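Let me begin by presenting the structure, written as structure tokens, before commenting on it.
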Amino acid sequence: MELIDGNAIAESVLTQIAAEVAKISGRRPAVAFVRVGEDPASVSYVAKKQKTAAQVGMTSRLEIFPESMTQADLLAKIDSLNRDPQVDGILVQSPLPKHMDETAVFNHVHADKDVDGFNTLNIGKLVQEDPSGFVACTPAGIVELIRRSKVETDGRHVVVVGRSLIVGKPVGLLLLQKGLPGNATVTFCHSRTRDLPAIARTADILIAAIGRPRFITADMVKEGSTVIDVGINRVPDGSKKSGYRIVGDVDFDAVAPRTARITPVPGGVGPMTVAMLMSNTLKAWKKRHG
Ligand code: NDP
């Protein structure tokens with residue numbers, strides 16, 4: 001069994017991006033983060049993204065608004081970032097407060113600044129296999145992990161457990177695309193799937209994006225397959241200062257020995273998500289600077 005080291009692969013992606021950014025004379029790529037409220041996970045995700053932006057030589061700005069903000073006010077703020085020539089990419093951190101319609105807010109970000117890839121236009125481009133669009137960072141990061149780990153996808157059976165717009169659906173569409181890494185036969189599973197273990201067992205590449213700790217057990221995994229664990233779940237752990245630890249959607253200890261390759265949690269897909277955000281921001285800068 002080989003561990004797919006997301007930290008190391010993300011570092012090499014970031015090193016390449018930093019080298020490209022260093023060659024830019026004039027204004028460097030800039031990303032604006034928008035955070036509404038003080039959700040602790042969002043605070044730490046945005047801080048990590050800002051730190052990584054600085055690491056690759058990009059500039060970032062953070063706009064923080066109170067939980068009580070109206071959706072109309074948030075849309076007006078996004079309008080001004082859409083117009084701002086100093087901003088290449090805009091990322092509105094999810095989750096938004098319950099009184100807001102996330103889809104409407106994401107769609108308000110200009111498609112050319114939509115580094116999160118959630119805008120309808122960019123999702124349409126993904127379906128059309130148009131490379132000029134932005135692909136959401138987690139699915140893009142998974143494909144980059146697969147590419148750089150030289151996992152064969154051509155004609156292979158990929159089973160994606162999860163059908164969210166943020167992870168499951170786009171990662172399946174990416175691996176279905178004509179060309180490599182792609183050309184896979186893709187099956188999507190979800191909460192209404194009948195006999196999910198039997199389907200999962202036929203996967204050459206199993207992608208778990210469920211949000212349930214250790215959902216994928218050893219009996220659901222084919223011997224010699226590749227397992228990509230997207231899950232980030234907090235489980236209570238009295239031995240930790242924080243009182244919890246992070247586990248994935250895969251029962252790693254039991255599953256790993258059956259696999260040819262597997263991603264750990266943490267240190268698998270997570271770091272790739274941030275690296276792909278930087279890649280999308282550089283792409284957004286290039287769109288504006290020819
Ligand atoms: P969602 O909750 O949006 O989607 C979860 C999917 O899993 C749904 O399609 C749901 O099915 C399916 N599901 C839930 N329970 C079951 C079940 N018992 N059997 C079969 N399918 C089930 O989650 P996300 O896609 O946003 O995230 C998935 C996981 O990935 C989470 O742990 C999240 O924290 C993590 N994540 C990690 C990222 C990273 O950077 N590493 C980034 C984004 C997310 P249905 O549609 O039928 O309800």
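This is a predicted model, so every value here is computed, not measured. All ligand and atom numbering here is 1-based and tracks the order in the structure.
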Distance filter under 4.0 Å to Gly162 heavy atoms, resulting ligand 1 atoms: 6 (C), 7 (O), 9 (O)
Donor-acceptor pair, Asn280 side chain versus Val115 backbone, under 3.5 Å? yes
Report the C-alpha separation of Arg35 and Glu67 in whole Å, then their side-chain angles, then the decisive distance to 0.1 Å, and conclude whether the salt bridge (Lys or Arg N to Asp or Glu O under 4.0 Å) test is met. CA-CA 9 Å; Arg35 204 186 78 211; Glu67 180 103 19; over 6 Å; no
Just which atoms of ligand 1 are under 4.0 Å from any heavy atom in Leu196? 20 (C)
Enumerated ligand 1 atoms positioned under 4.0 Å from heavy atoms of Gly270: 40 (O), 41 (N)
So do the side chains of Asp39 and Gln93 get within less than 4.5 Å of each other, counting heavy atoms only? no
Using distance alone, with no hydrogens and no angle criterion, decide if Thr185 and His157 have a side-chain donor and acceptor under 3.5 Å apart. no
Separation between CG of Leu62 and OG of Ser60, rounded to the nearest 0.5 Å: 7.5 Å
Quick check on contacts: which atoms of ligand 1 are under 4.0 angstrom from a heavy atom of Asn233? 32 (O)
With the threshold set at under 4.0 angstrom, would you say Ala209 reaches ligand 1 through any of its heavy atoms? yes
Any idea which atoms of ligand 1 are less than 4.0 Å away from a heavy-atom of Val269? 41 (N)
Which atoms of ligand 1 have any heavy atom of Gly211 under 4.0 Å away? 28 (C), 29 (C), 31 (C), 32 (O)
Short list, please: which atoms of ligand 1 are under 4.0 Å from a heavy atom of Val230? 30 (O), 35 (C), 36 (N), 37 (C), 41 (N)
How close does the nearest protein non-hydrogen atom get to atom 19 (N) of ligand 1, and which residue and atom is it? Phe215 CZ, 3.4 Å
For atom 27 (O) of ligand 1, what's the nearest protein heavy atom and its distance? Val167 CG2, 4.4 Å
Just jot down the salt bridge (Lys or Arg N to Asp or Glu O under 4.0 Å) partners of Glu11, sequence neighbours excluded, or say none. none
Atom 2 (O) of ligand 1 sits nearest the protein heavy atom Ile210 O, 4.3 Å
Just to be sure I'm reading this right: ignoring hydrogens, which of Arg212, Lys169, His190 gets closest to atom 21 (N) of ligand 1? Compare them by their nearest heavy atoms. His190
State plainly whether the residues Asp237 and Arg245 are in salt-bridge range, i.e. N to O under 4.0 Å. yes
NZ/NE/NH1/NH2 to OD/OE distance under 4.0 Å, Arg212 and Asp249: no
Does a donor on one side chain sit under 3.5 Å from an acceptor on the other, for Asn107 and Thr120? yes
Identify the closest protein heavy atom to atom 8 (C) of ligand 1: which residue and atom is it, and at what distance? Arg163 N, 4.0 Å
How close does the nearest protein non-hydrogen atom get to atom 11 (O) of ligand 1, and which residue and atom is it? Ser191 N, 3.3 Å
Are Thr259 and Ser225 linked by a side-chain donor-acceptor pair shorter than 3.5 Å? no
In the protein, which heavy atom is nearest to atom 42 (C) of ligand 1, and how far is it? Thr138 OG1, 3.2 Å
Ranking Gly168, Ser164, Ala136, Pro213 by closest non-hydrogen atom to atom 1 (P) of ligand 1, top hit is Ser164
Considering only protein heavy atoms, which is closest to atom 34 (O) of ligand 1, and at what distance to one decimal place? Ile232 O, 3.3 Å
Are Asp88 and Arg27 close enough for a salt bridge, meaning some N to O gap below 4.0 Å? yes
Can you list the ligand 1 atoms lying under 4.0 Å from a non-hydrogen atom of Thr273? 39 (C), 40 (O)
